[in-house]
Amino acid sequence: MRRLRGESGCRAPRPTEGATCAGPGESWSPSPNSMLRILLSAKASPARLSGLLLIPPVQPCCLGPGKLGNQIFGGGPHAGPMQGLQRLLEQARSPGELLRWLGQNPTKVRPHHYPVALRRLGQLLRTQPQPPPVEQATLQDLSQLIIQNCPSFDIHTIHVCLHLAVLLGFPSDGPLVCALEQERRFRLPPKPPPPPQPVHGGQRLEAALSCPHLLRYPRQHLISSLAARPEDLTPHVMVLLARHLARHRLREPQLLEAIAHFLVAQEAQLSSKVVQKLVLPFGRLNYLPLEQQFMPCLERILAREAGMTPLATVNILMSLCQLQCLPFRALHFVFSPSFINHISGTPHALIVRRYLSLLDTAVELELPGYRGPRLPRGQQVPIFPQPLITDRARSKYSHKDIVAEGLRQLLGEEKYRQDLTVPPGYCTDFLLCVSSSGAVLPVRTQDPFLPYPPRSCPQGQAAFNPTTRDPAQRVVLMLHERWHFCRDGRVLLGSRALRERHLGLMGYQLLPLPFEELESQRGLAQLKSYLRQKLQTLGLRWGPEGG
């Protein structure tokens, strides 16, 4: 039997020497055993080195008995020497000896020898001192060499090399790991393709709604999707569209008109639970459709199903309240004792009472000709006793804190109130009490609330100074943040417009602070100057000269 070089023959080089001994007529070139040099010189942590020990011992793959004995796969007549090489690798006493066995016999090395050597190397390196760092060029050469030879590796060798590459810190998106992973997937049995699923209109619309360019170009994608298959316009599809427009504040007239037309055309097939979702974007986006049958259609639906679905009924009326289109017949029904008794004790009783309280406020302020039943005083609750959910969720983006600081330095803490809820339950951003001469008065000396229901008196002059009998105005500074408007427009959302409309009708003088103006102020000094100018435009005075 031929002797393996390294057992006897030429002298094996030390680990520090640069040359290796090869067979007669063989020239040495970088081979997969360069990985061992990388392992010796890489900065591997103890955790990574201990991970090498988790690789189980590798058994050579045999082709079965024959006249040449148990031949290792790919070995042919050299099976015996390769089995001997495996034993030598398993019994190596140092990394240098391990390198000699592989480096001096490149023609005898097969892919399954590398997991054996690497596992033994992991055992040896646990007791070796930390070697110097390896050059980047060597890592690149090793990676390229393994990439070229990995098609000849079996699946087990590929798994082991992948494991070692991770332990040694090769990037998961690098060429080495990608090549090994590709070979691993190539050897997996192919998966049968999933059966084709029918594509429905709702799925097409959902795909259009998930398009990344939708928010920037909503009409082009959605209108083409809606117009492609008119027969796919089902209630589910239109509810998806209405929900998306409302959620993203998209005030698109063509799409809203399409929803209104669908509602009128499918009136007989739509329940009030579906209708409440279809009309939601109209109230939220403050858009009254041009469809002439829109309101008569909703009145017929409310008359037909108001008693069966109380919550859906008041939801529809809330959207119409934001549009200032409340039908008297529906109001007669929801304010009737039978309806109020019906909702008492139900899980949604509180939210229905809150909506009914807002509807009663709208009747008081906006419908002087209404002569039907009203919500009893004992059933009324505060409408919005705290800032709206969107304001609380985006408080860190709001200008409220810096405006409050500007007012504190400009007027003093005693001359304004922040986040004050005024009857019948509207939360104000900042409230000032002002005398008829324009002097900003200390809030503690005044009743900050105007009476509700309001008495007939000029707007902004519904209270008297208890000390001087001087009529005092109530000025409300309203922050207009970006999310208070429809996207890419200057139209206030329906709930914001409703609050400002009702506060004005109750007698409060409103001073809006647009977000464009607030964002243009650089620092507190500029903001104070801006607030001073805003207040002075109303003729307000403060400080020693203002009282």
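Predicted model, so just to flag it, every value in this text is computed and none were measured.
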Starting from the C-alpha separation in whole Å, work towards a yes-or-no answer on side-chain contact (heavy atoms from CB on, under 4.5 Å) for L538 and V434. CA-CA 10 Å; L538 295 180; V434 182; over 6 Å; no
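- With values rounded to the nearest 0.5 angstrom, K277 atom NZ is found 12.0 Å from L270 atom CG.
- Taking all atoms of both residues into account, the shortest heavy-atom contact from A260 to F294 is CB-CD1, 3.9 Å.
- Ring centroids of Y508 and Y426 are separated by 6.0 Å or more, keeping the two rings apart.
- A donor-acceptor distance shorter than 3.5 angstrom exists from the side chain of R284 to the backbone of A246, with no hydrogens or angles considered.
- More than 12 heavy-atom neighbours from other residues, nucleotides or ligands sit within 6.0 angstrom of CZ on R490.
- By the 4.5 Å heavy-atom criterion applied to side chains, S495 and Q322 are counted as neighbours.
- Residues passing the side chain to side chain donor-acceptor pair (under 3.5 Å) test with Q409 are E405, K528, sequence neighbours excluded.
- Contact of the L320 side chain with the P327 side chain is registered, since non-hydrogen atoms from C-beta on lie closer than 4.5 Å.
- S357 is listed as a side-chain neighbour of L375, based on a closest heavy-atom distance under 4.5 Å.
- Within the 3.5 Å criterion, the main-chain N or O of F485 finds a donor-acceptor partner in the side chain of R249.
- With a 6.0 Å radius and a threshold of 12 heavy atoms from other residues, nucleotides or ligands, Y355 has its OH atom at or below the threshold.
- When side chains are defined from C-beta on, T313 does not count as touching E305, because their heavy atoms never get closer than 4.5 Å.
- Taking the six-membered ring where tryptophan is involved, the planes of Y397 and W483 are perpendicular, since the angle between them exceeds 60° and thus also 30°.
- For the residue pair T361 and H502, the shortest heavy atom distance occurs at CG2-ND1, 3.8 Å.
- The two residues S319 and L280 make their nearest non-hydrogen contact at OG-CA, 3.8 Å.
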Using side-chain contact (heavy atoms from CB on, under 4.5 Å), reason through S398 and L479 one step at a time and then give a plain yes or no. CA-CA 9 Å; S398 175; L479 294 180; 4.2 Å; yes
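- With sequence neighbours excluded, no residue forms a side chain to side chain donor-acceptor pair (under 3.5 Å) with Q533.
- Between the CD1 atom in I158 and the CZ atom in R184 there is a gap of 9.5 Å [rounded to 0.5 Å].
- By the 4.5 Å heavy-atom criterion applied to side chains, L367 and L331 are counted as neighbours.
- Listed for the T428 side chain is a donor-acceptor partner under 3.5 Å among the backbone atoms of L420.
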Walk me through whether L432 and V476 qualify under side-chain contact (heavy atoms from CB on, under 4.5 Å). CA-CA 6 Å; L432 311 178; V476 176; over 6 Å; no
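- A donor-acceptor pair is defined here as one N or O able to donate and one able to accept, closer than 3.5 Å; such a pair exists between the side chain of Q521 and the backbone of E517.
- Taking every heavy atom of both residues into account, L518 and Y530 meet most closely at CD2-CE2, 3.7 Å.
- Using a 3.5 Å distance cut-off with no hydrogens or angles, the side chains of Q266 and H261 do not pair a donor with an acceptor.
- The minimum heavy-atom distance between D447 and R474, with the atom names listed, is O-NH2, 2.5 Å.
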Decide side-chain contact (heavy atoms from CB on, under 4.5 Å) for L356 and I343; before the verdict, give the C-alpha distance in whole Å, the side-chain angles of both, and the deciding distance to 0.1 Å. CA-CA 11 Å; L356 290 179; I343 65 167; 4.0 Å; yes
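- Ring-plane geometry between H248 and H244 is classed as tilted, the angle between the planes lying from 30 to 60 degrees on a 0 to 90 degree scale.
- Note that CZ of R487 is 11.0 Å distant from CZ of R482, once rounded to the nearest 0.5 Å.
- Only one option out of M295, R300, E299 pairs with C297 in a side-chain contact (heavy atoms from CB on, under 4.5 Å); it is R300.
- Contact check for F430 versus D419: no side-chain heavy atoms found under the 4.5 Å cut-off.
- For the pair R522 (side chain) and E519 (backbone), a donor-acceptor distance under 3.5 Å is present.
- In R187, the CZ atom is crowded: over 12 heavy atoms of neighbouring residues, nucleotides or ligands sit closer than 6.0 Å.
- R496 contributes no side-chain N or O that, together with a main-chain N or O of V491, makes up a donor-acceptor pair within less than 3.5 Å.
- A donor-acceptor pair under 3.5 Å is formed between the side chain of S344 and the backbone N or O of I340.
- Distance CD1/I301 to CD/Q276: 11.5 Å, rounded to 0.5 Å.
- Side-chain contact between V352 and T346 is absent, with no heavy atoms from C-beta onward closer than 4.5 Å.
- In terms of modelled atom types and a separation under 3.5 Å, the side chain of S336 and the main chain of F333 share a donor-acceptor contact.
- Applying the 6.0 Å contact sphere to CD of Q182 captures no more than 12 heavy atoms from other residues, nucleotides or ligands.
- The distance from the CG atom of L240 to the CG atom of L245 is 11.0 Å, given to the nearest 0.5 Å.
- Enclosure of atom CZ in F328 by more than 12 non-hydrogen atoms of other residues, nucleotides or ligands within 6.0 angstrom is indicated.
- Checked by atom type, the side-chain pair E257/Y287 shows a donor-acceptor distance below 3.5 Å.
- Contact between P442 and Q446 at its shortest, heavy atoms only, is O-CG, 3.6 Å.
- In terms of modelled atom types and a separation under 3.5 Å, the side chain of E481 and the main chain of H399 share a donor-acceptor contact.
- With hydrogens and angles ignored, the 3.5 Å screen pairs a side-chain donor or acceptor of N341 with a backbone N or O of P337.
- For the pair L513 and M478, the minimum side-chain heavy-atom distance is 4.5 Å or more.
- More than 12 heavy atoms of other residues, nucleotides or ligands sit less than 6.0 Å from atom CZ of R304.
- For Y370 and H332, the ring centers are positioned less than 6.0 Å apart.
- Note that CZ of R501 is 7.0 Å distant from SG of C321, once rounded to the nearest 0.5 Å.
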